[in-house]
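The structure appears right after this line, and notes come after that.
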Protein chains: 2
Amino acid sequence: MASTKKMRMTNLESLGEAAECLRTLAHPHRLRMVQMLLQGEYTVGELAEACDVPSHMASEHLRLMQRCGLLTSEKEGRRRYYRVGEPHLESIMQCIETRFGTK
Amino acid sequence: MASTKKMRMTNLESLGEAAECLRTLAHPHRLRMVQMLLQGEYTVGELAEACDVPSHMASEHLRLMQRCGLLTSEKEGRRRYYRVGEPHLESIMQCIETRFGTK
DNA sequence: TCAATATATCGGAATGTCTCGATATGTCAA
DNA sequence: TTGACATATCGAGACATTCCGATATATTGA
């Protein structure tokens with residue numbers, strides 16, 4: 001039988017938002033971009049090159065992550081610099097690194 | 001220009017596995033199940049009822065999470081008890097709770 | 001102004017995910 | 001053995017995501 005002990009649960013609506021963030025994060029290139037951005041700011045082109053994807057795709061990945069609050073960006077001339085906008089990303093990335101390693 | 005400072009990066013293949021785990025986690029009902037399972041073990045039916053989904057769907061959600069190592073399970077009679085199998089889930093869930101709240 | 005560069009947008013094909021009803025399997029209690 | 005219960009599996013339809021080529025916009029330097 002289900003016990004009746006009280007638990008502090010996050011409501012389903014908020015868990016839906018959380019799920020959206022996680023789904024957005026859940027892509028190897030996007031994880032790599034976040035891993036880089038935790039070290040400093042980078043342009044679309046730099047992140048694209050590091051992930052070996054065309055820059056128009058990097059642009060799209062970054063836009064998605066910005067849209068759900070994971071990143072922020074700022075335009076400088078014809079470049080756009082991205083940064084981490086969600087402080088929890090650091091600890092989530094640490095979980096991933098301790099489980100899957102860095103090298 | 002991209003700086004040449006060395007970063008310890010997780011390789012793309014491992015990030016792919018990480019992405020698979022995150023994608024599996026990225027669902028409101030699955031997050032709720034994990035939130036419950038961090039407090040103790042529960043059967044398929046209990047988790048289904050708590051999420052207000054038919055038990056055959058809970059069964060499927062749980063199977064997916066077990067398949068990528070997030071959960072473990074054990075059969076007792078006609079019931080199957082699930083538990084958390086990935087210790088990092090606790091800190092990831094804490095990130096979610098501090099950002100999206102509990103109530 | 002012109003060409004080169006950096007980023008963004010659009011449409012489409014392939015693929016994956018979600019949810020559901022229907023049905024199957026395994027287990028217990030009587 | 002039978003019926004009820006708990007869990008699992010299957011297939012279909014709707015929907016979302018990924019990736020790509022093509023193209024668009026915006027900025028700079030010459």
Side-chain angles (χ1 to χ4, degrees), chain A residues 1-3 12-13 15-34 36-37 41-68 70-83 85, chain B residues 1-3 12-13 15-34 36-37 41-68 70-83 85:
Chain A
M1 282 300 138
S3 75
L12 275 180
E13 193 184 0
L15 289 179
E17 291 179 54
E20 196 180 331
C21 288
L22 288 175
R23 209 172 341 107
T24 303
L25 194 57
H27 184 292
H29 294 146
R30 295 200 284 259
L31 285 171
R32 163 61 50 80
M33 290 174 183
V34 166
M36 289 181 66
L37 289 169
E41 61 177 18
Y42 288 94
T43 67
V44 175
E46 288 167 346
L47 294 162
E49 191 187 0
C51 293
D52 198 29
V53 295
S55 55
H56 78 279
M57 288 192 54
S59 170
E60 178 68 0
H61 286 313
L62 293 162
R63 188 185 67 81
L64 288 174
M65 289 194 281
Q66 176 163 24
R67 194 165 61 84
C68 70
L70 299 177
L71 304 180
T72 65
S73 72
E74 196 179 346
K75 202 165 181 184
E76 273 182 38
R78 59 185 136 180
R79 303 183 177 194
R80 179 175 293 274
Y81 283 89
Y82 276 90
R83 317 182 176 70
Chain B
M1 282 301 140
S3 74
L12 275 180
E13 193 184 358
L15 289 178
E17 291 178 55
E20 196 180 332
C21 289
L22 288 175
R23 213 175 330 111
T24 303
L25 193 57
H27 184 293
H29 294 147
R30 296 200 284 259
L31 286 171
R32 161 61 49 82
M33 289 175 184
V34 167
M36 287 181 67
L37 289 168
E41 61 176 19
Y42 288 94
T43 66
V44 176
E46 287 167 347
L47 294 162
E49 190 187 0
C51 294
D52 197 29
V53 295
S55 55
H56 78 280
M57 290 192 53
S59 170
E60 177 70 359
H61 287 312
L62 293 162
R63 190 186 66 84
L64 288 173
M65 291 194 280
Q66 175 162 24
R67 196 165 59 85
C68 69
L70 299 177
L71 303 180
T72 66
S73 72
E74 197 180 346
K75 202 164 181 184
E76 272 181 39
R78 58 185 137 177
R79 305 183 176 196
R80 180 175 292 274
Y81 282 89
Y82 276 91
R83 316 182 177 70

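Below, each value reflects all heavy atoms present in this structure, side chains not excepted, and no hydrogens, waters or symmetry copies. Protein chains get the first letters and strands the later ones, always in sequence-line order, with residue 1 at the start of each.
Side-chain contact between B/Arg23 and B/Glu20 is present, with heavy atoms from C-beta onward closer than 4.5 Å. Under the 4.5 Å side-chain criterion, counting only non-hydrogen atoms from C-beta, B/Val44 is not in contact with B/His56. Between A/Arg83 and A/Leu37 the shortest side-chain heavy-atom distance does not fall below 4.5 Å. Between B/Leu12 and A/Asp52 the shortest side-chain heavy-atom distance does not fall below 4.5 Å.
If you take CD of A/Glu20 and P of D/dA16, they are 12 Å apart, rounded to a whole angstrom. Atom CZ of B/Arg78 is separated from atom C1' of D/dC5 by 5 Å (rounded to the nearest Å). As rounded to whole Å, 14 Å separates atom P of C/dT19 from atom CG of B/Leu62. A/Arg67 has its CZ atom 12 Å from the C1' atom of D/dT17, to the nearest Å. In this structure, CG of A/Leu31 is placed 12 Å from P of D/dT18, rounded to the nearest angstrom. In this structure, A/His61 atom NE2 and C/dT9 atom P are separated by 15 Å, rounded to whole Å. Rounded to an integer number of Å, the gap from CD of A/Glu76 to P of D/dA26 is 19 Å. Between the CG atom of A/Leu25 and the C1' atom of D/dT17 there is a distance of 16 Å, rounded to whole Å.
Between B/His29 and C/dC18 there is no side-chain N or O to OP1 or OP2 distance below 4.0 Å. In this model, the phosphate group of C/dA24 is not approached by any side-chain N or O of B/His56 to a distance below 4.0 Å at OP1 or OP2. The side chain of B/Ser59 places an N or O atom within less than 4.0 Å of a non-bridging phosphate oxygen (OP1 or OP2) of D/dA8. At the phosphate of D/dA26, neither OP1 nor OP2 sits under 4.0 Å from any side-chain N or O atom of A/Arg79. At the phosphate of D/dA8, OP1 or OP2 sits under 4.0 Å from a side-chain N or O atom of B/Arg80. Note on A/Arg23: every side-chain N or O is 4.0 Å or more away from OP1 and OP2 of D/dA16.
Distances were taken from every side-chain heavy atom of B/Met57 (C-beta onward) to each of C/dA8, C/dT19, D/dT7; the shortest belongs to C/dT19. Set against D/dT7, C/dT7, D/dT18, the side chain of B/Val44 has D/dT7 as its closest nucleotide. Residue B/Glu60 has its side chain nearest to D/dT9 when only D/dT9, D/dA4, C/dT5 are considered. Nearest to the side chain of A/Tyr82, among C/dA8, C/dC18, C/dT9, sits C/dA8.
Where B/Ser55 and A/Pro54 each meet DNA chain D at their nearest nucleotide, the meeting point lying more 5' is that of B/Ser55.
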Checking B/Val53 against B/Leu47 for the side chain to side chain contact (heavy atoms under 4.5 Å, CB included) test, could you report, in this order, the C-alpha distance in whole Å, the side-chain angles of both residues, the deciding distance, and whether it holds?
CA-CA 9 Å; B/Val53 295; B/Leu47 294 162; over 6 Å; no

